[in-house]
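Below: one structure, written as structure tokens.
Convention: sequence-line order gives letters A, B, ...; per-chain numbering from 1.
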Amino acid sequence: MSEIKAAKGTRDIFPPEIQKWQFLENAIHDYYKKFLYQEIRTPIFEHSELFSRGIGSETEVVQKEMYTFSDKSDRSLTLRPENTASVVRAAIENNLFETVAPLRFYYIGPMFRYDKPQKGRYRQFHQFGIEVFADDSPQVDAEVIFAAVDFLNKLRIADIRLELNSVGCPRCRPLYLEVLRKAARAEGGRLCADFRRKIEGNPLRIFDCKLPECAETTRDFPLLDGHLCAECRDHFAAVRETLSWMNVPFQLNPRLVRGLDYYTKTAFEVTSGQLGAQNALLGGGRYNNLIKELGGPDMAGIGFAAGMERIILHLENPALPKIKNLFVAYGEQKWLAHAIQLAEVLRAEGYPVYLDFQGKNLKKQFKKADKIAAAFTLILAEDEIASKSVSIKNMASQEQKKIPLKDLNERLKKNY
RNA sequence: GUGAGUGUAGCUCAAUGGUAGAGUAUCGGACUGUGGAUCCGAUCGCUGCGGGUUCAAAUCCCGUCACUCACCCCA
């Protein structure tokens, strides 16, 4: 038993689960290229300021969940809790807005949040996501949402639900928040402490409270959709219309908010009925002020991030192409050189070949061949070497034939 | 940060407060040019850790740590 364990909230991924990860990663690469997204990889850690400015210093993520540390030169660095701020930073820093077209990126990688682990929630977890810059048309919102939902459908993830809202923009949201605060303060006495804290700091979140009294109270509170400015309202209507053209079903949820401050206008979330409490598979929205906020041009952006662990929980056992492993058996140590050379030739031909160096005799070697699920065992021992041949045994059917060495490749090809 | 449940062999799990066990896996043998099946044998444990109660603790009590789930938060 090992003394040192994986740090809390982290885990090792190995077969057979790793096959799901490889499958998912390949699917992401294949799918998003169809929309001309290009992969971007940004550093795992960044200056802390990127996140406090980008995500919002009042958010839970920044206040409570960041892995922040000082390096030896006293720089404050933070393991990225999400990737959008980094992608925006990279685009600004490398002038991608001028040099790359189209301005569409996707990413895959680990993120870090200091949270108490539970089902579907880890301290090191993985997200993939997409970002589109410089396009404020509502049709892009719809296409991004389509590319999120359709991807999950392609993975045959059932029982998912798309929720949609508009969280307004800096012109209309502050006005609404005042209206909401006023209504909330009037009811303050009836509400939980948590709730009262949110009224001042993050009023949109008060709708989240699941305590019956709070939910009861907030039911009649004014909602944001009645307070959107004309531009946000029209934008949102066009998003919904485009989604209907795309046959993407959605549910309006006027109480839907996002945890990061940078969102404007469209906000959406896909949840799964098959997960526990951590049921959000992906979330995203538009962030038309983030790029400027981080020192870039006044440019629109939209994207989403998806939790890969949560998607993996939905994936069936790997339906992998059967790999036909070859096993080279040599019986006695003195034929090992021949076996090594044969294995080398076969690998160069593209076959996966296993050679057991511990097997003392053919019996042991066959046992090992069985254990690694070899499709064919090639026997190269005294008889075969003397006659420049090799015996090939089909492990499933138990058929065995001795054939000339020079015919081996052709014969294997037929069986593959 | 709060709460609940669970910690026994590599894995899955047993064991009224009274000798820590089974299945499986691993290794060896039956079987020195042939695997899976069967049979025989062997290895494997500070019962998470630290205290306490008791003649006696895997078992009861306290603490602690880990895992799991929920709150919270979010993907």
With [atom1] as the reference atom in both, quote the distance from [N] to [M] in angstrom, rounded to an integer.
N	M	atom1	value
B/U43	B/G29	C1'	14 Å
B/G17	B/U6	P	15 Å
B/G63	B/C27	P	45 Å
B/U2	B/A15	P	34 Å
B/U47	B/G41	C1'	26 Å
B/G45	B/U19	C1'	15 Å
B/C13	B/G7	P	10 Å
B/C31	B/A25	P	22 Å

[N]: pairing nucleotide in any strand, Watson-Crick or G-U under 3.5 angstrom:
N	result
B/G7	B/C65
B/A42	B/U26
B/U32	none
B/C55	B/G18
B/A37	none
B/C71	B/G1

Review point. Is it true that the side chains of A/Thr42 and A/Asn83 contain a donor and an acceptor less than 3.5 Å apart?
Key: yes
**Study point:** Short side-chain donor-acceptor distance under 3.5 Å, A/Tyr122 and A/Asp115
**Key:** no
Point to revise | Any A/Lys371 side-chain N or O less than 4.0 Å from OP1/OP2 of B/C27 | key: yes
Point to revise | Minimum-distance nucleotide (side-chain atoms of A/Glu60 versus B/G35, B/G33, B/C73) | key: B/C73
Study note, to complete from the structure: Side-chain contact check for A/Lys5: nearest option of B/G35, B/A66, B/A75 is B/A66
Check your understanding: Of A/Tyr287, A/Tyr37, A/Tyr106, which meets side chain to side chain donor-acceptor pair (under 3.5 Å) against A/Glu131?
Key -> A/Tyr287
Using a 4.0 Å heavy-atom cut-off, does [X] contact any base of the nucleic acid, only the sugar-phosphate backbone, or nothing at all?
X	result
A/Lys368	nothing
A/Ala305	sugar-phosphate
A/Gln63	nothing
A/Leu362	base
A/Gly331	nothing
A/Ile311	nothing

Check your understanding: Within the modelled atom types, does a donor on one side and an acceptor on the other bring the side chain of A/Lys363 and the base of B/U34 under 3.5 Å apart?
Key -> no
Review point. Do you know which two heavy atoms are closest between A/Thr68 and A/Ser76, and how far apart they sit?
Key: CG2-OG, 3.5 Å
Are the charged groups of [X] and [Y] less than 4.0 angstrom apart, N to O?
X	Y	value
A/Glu163	A/Arg161	yes
A/Glu309	A/Lys20	no
A/Glu143	A/Arg104	yes
A/Lys265	A/Asp136	yes
A/Lys413	A/Glu410	no

May I have the distance from [X] (atom [atom1]) to [N] (atom [atom2]), rounded to whole angstrom?
X	N	atom1	atom2	value
A/Leu162	B/A75	CG	C1'	15 Å
A/Leu281	B/C74	CG	P	16 Å
A/Asp115	B/U2	CG	C1'	13 Å
A/Phe51	B/C74	CZ	P	17 Å
A/Lys64	B/C73	NZ	P	8 Å
A/Lys8	B/C67	NZ	C1'	8 Å
A/Gln365	B/U32	CD	P	15 Å
A/Leu313	B/C74	CG	P	20 Å

Revision key, fill the gap. Walking RNA chain B from its 5' end, the first of A/Arg258 and A/Gln400 to be reached, judged by nearest nucleotide, is A/Gln400
Revision key, fill the gap. Between A/Val61 and A/Gln398, whichever has its closest RNA chain B nucleotide further toward 5' is A/Gln398
**Study point:** A/Arg123 charged N/C atom sitting above A/Tyr114 aromatic ring, 6.0 Å / 45°
**Key:** yes
All N/O pairs under 3.5 Å across the protein-nucleotides 68-70 of chain B interface:
{"residue": "B/C69", "atom": "OP2", "partner": "A/Lys119", "partner atom": "N", "Å": "2.7"}
{"residue": "B/A70", "atom": "OP1", "partner": "A/Ala277", "partner atom": "N", "Å": "2.9"}
{"residue": "B/A70", "atom": "OP2", "partner": "A/Gln118", "partner atom": "NE2", "Å": "3.2"}
{"residue": "B/A70", "atom": "N7", "partner": "A/Gln118", "partner atom": "OE1", "Å": "3.2"}

